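Note on naming: letters A, B, ... go to the chains in the order of the sequence lines (proteins, then strands), and numbering restarts at 1 for each one. Computed from a prediction, not measured in an experiment: that's the story for all the values here.
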Protein chains: 2
Amino acid sequence: MGDKLKIVDEIRSFNRYYTKLLGLLNNQLLNSKYSLTEARILYEIHAGEKVTATQIISELGIDKGQLSKIMRNLEKYGLITRKASETDGRVILISLSPSGKKVYNELDAASNQQINDMISVIPEGNQKQLTACMQEIKMILINSSTDDVRKRS
Amino acid sequence: MGDKLKIVDEIRSFNRYYTKLLGLLNNQLLNSKYSLTEARILYEIHAGEKVTATQIISELGIDKGQLSKIMRNLEKYGLITRKASETDGRVILISLSPSGKKVYNELDAASNQQINDMISVIPEGNQKQLTACMQEIKMILINSSTDDVRKRS
DNA sequence: CAAATATAGTTGATTATTTCAACTATATTT
DNA sequence: AAATATAGTTGAAATAATCAACTATATTTG
């Protein structure tokens, strides 16, 4: 097998492995009453504070029609508040409401707990090594792409 | 921030990063007429040769009712063949048909091409480093879990 | 400036995907 | 032989994703 192919193969193998891992983590987590997409959106709103739909769309790569409907629901549940931007009449600024923050915190805590459980069986040195690898991967991929889709965390 | 928390945070950051990356890769790839789940199933059948529905379910973590329907479609498209096991009347052995192999090969080639494109901008030394990290991550996670969900590629 | 074009977000119709429980059939256990 | 377990199918219902048309506001350009 060519050198290049071996590298491609290893990346694809990792992608399969990690797809499965993420799937398991997400399934396990989402016995809550919110969907994965809703949870990711709440995360983005929390991380940004005053974000726009467009930002979330670009961050999560979902359809704007879909996002619009999810937003409507999140507002109906009382988790977010929306107000028109004062500088641009087209955009709407989204924030977490107090109860949205509470839900976010719960999801966040559950997520922390889950990862904690996952790594609790890993010797400490390996945990360090694990995260070093993760940082390294992000760095290599981000650096190699100045105006590439893969940018941003 | 506690040491433990820093590690958990880094893992979660990586998970968000990689979720997005995988999403982009999958979206890009699946302008083909097959869904991601169908493509993953074709991969599993190809990797196993004579697999059972139960194996695929456990490998991909999807619902058995859903799998059953997808299988019905794949058979309708002529991509797979199913025959009853001779040793256990309940199980059905699944294989790729010639045209299923063709489709698999196309998807496989597109996937290779895509990863190739992705890494083509990365200096060769970094590519090696990237895959070394990926292998390391798999190793650490797999080793730490003898009878854990995360096992298997 | 006015017309054309672009951007932000919403809506409705359609399709696809998921979920879940009930069901058939065969195997295994007791 | 009866009870229980496993493999897979089916149907109904709920959710989610897709896509094009649409409103409203901004920006560009001749």
Side-chain angles (χ1 to χ4, degrees), chain A residues 19-20 22-24 26-42 44-45 48 50-77 79-95, chain B residues 19-20 22-42 44-45 48 50-77 80-95:
Chain A
T19 296
K20 187 180 181 187
L22 289 170
L24 290 167
N26 288 333
N27 271 345
Q28 190 185 324
L29 207 59
L30 298 166
N31 296 329
S32 86
K33 54 179 168 304
Y34 301 102
S35 75
L36 175 58
T37 306
E38 284 171 335
R40 291 177 77 198
I41 289 170
L42 290 179
E44 290 301 329
I45 299 173
K50 300 269 153 111
V51 290
T52 67
T54 302
Q55 288 171 332
I56 295 174
I57 287 164
S58 121
E59 201 54 42
L60 301 186
I62 60 181
D63 176 79
K64 66 182 177 167
Q66 194 197 347
L67 182 71
S68 179
K69 284 158 199 167
I70 293 174
M71 285 305 186
R72 187 206 288 156
N73 285 334
L74 291 178
E75 193 170 42
K76 197 178 67 191
Y77 303 156
L79 304 189
I80 64 171
T81 57
R82 298 194 275 183
K83 68 185 265 300
S85 159
E86 280 165 10
T87 57
D88 186 334
R90 295 167 304 180
V91 329
I92 292 172
L93 300 173
I94 304 157
S95 325
Chain B
T19 296
K20 187 179 182 187
L22 289 171
L24 291 167
L25 291 173
N26 289 333
N27 271 345
Q28 190 186 324
L29 205 61
L30 298 166
N31 297 330
S32 86
K33 54 179 168 304
Y34 301 102
S35 74
L36 174 58
T37 307
E38 284 171 334
R40 291 177 77 200
I41 289 170
L42 289 179
E44 290 300 329
I45 299 173
K50 299 270 155 112
V51 290
T52 67
T54 301
Q55 288 172 331
I56 295 173
I57 287 164
S58 121
E59 202 54 43
L60 302 186
I62 60 181
D63 176 78
K64 66 182 178 168
Q66 193 196 348
L67 182 70
S68 178
K69 283 158 198 165
I70 294 175
M71 285 305 185
R72 188 207 286 155
N73 285 335
L74 291 177
E75 191 170 42
K76 196 177 68 192
Y77 303 154
I80 64 172
T81 57
R82 297 194 275 184
K83 68 185 265 298
S85 160
E86 280 166 9
T87 58
D88 185 336
R90 295 166 305 180
V91 329
I92 291 172
L93 299 172
I94 304 156
S95 324

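Whole-Å rounding puts the A:Leu93 CG to D:dT25 C1' distance at 15 Å. Rounding to whole angstrom units, CG of residue B:Leu36 and P of D:dT18 are separated by 11 Å. Taking atom CD1 of A:Ile92 as the reference point, atom P of D:dT23 lies 17 Å away to the nearest angstrom. Distance B:Asp63 CG to D:dG8 C1': 12 Å, rounded to the nearest Å. Atom CZ of A:Arg90 and atom P of C:dT5 are 17 Å apart (whole Å). The distance between atom CG of B:Asn73 and atom C1' of D:dT9, rounded to the nearest whole Å, is 14 Å. Rounded to whole Å, atom P of C:dC20 lies 15 Å from atom CD1 of B:Ile57. Between A:Lys33 atom NZ and C:dT19 atom P the separation is 18 Å, expressed in whole Å.
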Exercise for review: Please step through side chain to side chain contact (heavy atoms under 4.5 Å, CB included) for the pair B:Glu44 and B:Leu60, ending with a clear verdict.
Suggested key: CA-CA 9 Å; B:Glu44 290 300 329; B:Leu60 302 186; 3.8 Å; yes
Practice item. Could you give me the CA-CA distance, side-chain angles and deciding distance for A:Met71 and A:Ile56, then say whether side chain to side chain contact (heavy atoms under 4.5 Å, CB included) is met? Key: CA-CA 11 Å; A:Met71 285 305 186; A:Ile56 295 174; 3.3 Å; yes
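Counting only heavy atoms from C-beta on, B:Ser35 has its side chain closest to C:dT17 among C:dG9, C:dT17, D:dT9. Comparing C:dT10, C:dT26, D:dC19 by their closest approach to the side chain of A:Arg82 singles out C:dT10.
Between the side chain of A:Lys69 and the base of C:dG12 there is at least one donor-acceptor pair of N/O atoms closer than 3.5 Å.
A distance of 4.0 Å separates CD of A:Glu75 from CZ of A:Arg82, quoted to the nearest 0.5 Å. Atom OH of A:Tyr34 is separated from atom CD1 of A:Ile41 by 13.0 Å, given to the nearest 0.5 angstrom.
Comparing A:Ile70 and A:Asp88 against DNA chain D, the residue whose closest nucleotide sits nearer the 5' end is A:Ile70. Comparing B:Lys64 and A:Val91 against DNA chain C, the residue whose closest nucleotide sits nearer the 5' end is A:Val91. Between A:Glu38 and A:Glu86, the residue anchored nearer the 5' end of DNA chain D, judged by the nucleotide with its closest heavy atom, is A:Glu38.
With a 4.5 Å cut-off on side-chain heavy atoms, B:Val91 and B:Thr54 do not count as touching.
In this structure, C:dT29 and D:dA2 make a Watson-Crick or G-U wobble pair, each of the two defining distances being under 3.5 angstrom. The pairing partner recorded for D:dT15 is C:dA16, the criterion being a Watson-Crick or G-U wobble arrangement whose two distances lie under 3.5 angstrom.
Between A:Arg72 and the phosphate of C:dT11, there is a side-chain N or O to OP1/OP2 separation shorter than 4.0 Å. Proximity of A:Thr54 to the phosphate of C:dG9: a side-chain N or O atom is located under 4.0 Å from OP1 or OP2.
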